[in-house]
K.L.:
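Below is the structure I would like to discuss, written out as structure tokens.
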Amino acid sequence: MSGLAKQNNFFGIKAPGTAGTVNMPTNEFMNGQNQRVNAGFGANQTPGDSFNQYKTLMNKPRYAGVLAADTPEQAFAALQQSGYATDPNYGRKLKNVFNNYIMPMYA
């Protein structure tokens, strides 16, 4: 189990959770470079708290395009455009995971 899973943070949210925060190493793209840094991630009391934290995050106006998307690909692009992750290839990586692992289950 990863460090974040032990903290009941299943979405890698960098905001206080119901049990505060925990500093953990992470990769961030800064000035076009991938750098290893420590960041404050949410720690939650229960797994359900993690899902509620994600729901609250996604209901912010910044993510309206994600919720309005008609296709998974549109949602991935909107998530990238919203600044959800610093990785400039985050949306493409989500699309690849979806196409390679999720879609085959429904073929």
K.L.:
Under 4.5 Å side-chain heavy-atom separation, chaining through any Ile, Leu, Val, Met, Phe, Trp or Tyr, what else clusters with V97? Say none if it is isolated.
P.N.:
Y101

K.L.:
Less than 4.5 Å apart, any side-chain heavy atom of D87 and any of K93?
P.N.:
yes

K.L.:
State, with a plain yes or no, whether a side-chain heavy atom of L57 is found less than 4.5 Å away from one of Y84.
P.N.:
yes

K.L.:
With a 3.5 Å distance limit and no angle check, can you tell me whether N9 reaches the backbone of I13 through a side-chain donor-acceptor pair?
P.N.:
yes

K.L.:
Are N59 and L67 close enough that some pair of their side-chain heavy atoms sits under 4.5 Å apart?
P.N.:
yes

K.L.:
Minimum heavy-atom separation for A69 to A75, with atom names?
P.N.:
CB-N, 3.3 Å

K.L.:
What ring pair (Phe, Tyr, Trp, His ring centres under 6.0 Å) pairs are there with at least one residue in residues 55-83, not counting sequence neighbours?
P.N.:
F76-F98

K.L.:
What heavy-atom pair brings T21 and P16 nearest, and what distance separates the two atoms?
P.N.:
CG2-CA, 3.5 Å

K.L.:
Do L94 and L79 have side-chain heavy atoms sitting under 4.5 Å apart?
P.N.:
yes

K.L.:
Roughly how far, to the nearest 0.5 Å, is CE of M58 from OG of S82?
P.N.:
6.0 Å

K.L.:
Which ILVMFWY residues can you reach from V37 by hopping between side chains whose heavy atoms are under 4.5 Å apart?
P.N.:
M30

K.L.:
Please enumerate all residues that pass salt bridge (Lys or Arg N to Asp or Glu O under 4.0 Å) together with E28, with sequence neighbours excluded.
P.N.:
K14

K.L.:
Check which hydrophobic residues are tied to L4 through side-chain heavy-atom contacts below 4.5 Å, counting indirect links as well, and list them.
P.N.:
V22, M24, F41

K.L.:
May I have the list of side-chain donor-acceptor pairs in residues 42-50 shorter than 3.5 Å, sequence neighbours left out?
P.N.:
| from | atom 1 | to | atom 2 | distance (Å) |
| --- | --- | --- | --- | --- |
| N44 | OD1 | T18 | N | 3.1 |
| N44 | ND2 | N8 | O | 3.0 |
| N44 | ND2 | Q53 | OE1 | 3.1 |
| Q45 | NE2 | T18 | O | 3.2 |
| T46 | OG1 | G48 | N | 3.4 |
| T46 | OG1 | D49 | N | 3.1 |
| T46 | OG1 | D49 | OD1 | 3.3 |
| T46 | OG1 | D49 | OD2 | 3.3 |
| D49 | OD2 | T18 | OG1 | 2.7 |
| D49 | OD2 | Q45 | N | 3.4 |
| D49 | OD2 | T46 | N | 3.2 |
| S50 | OG | N8 | O | 3.4 |
| S50 | OG | F10 | N | 2.9 |

K.L.:
Is it possible for you to say whether V66 and F51 belong to one hydrophobic cluster, with membership spreading through side-chain heavy-atom contacts below 4.5 Å?
P.N.:
yes

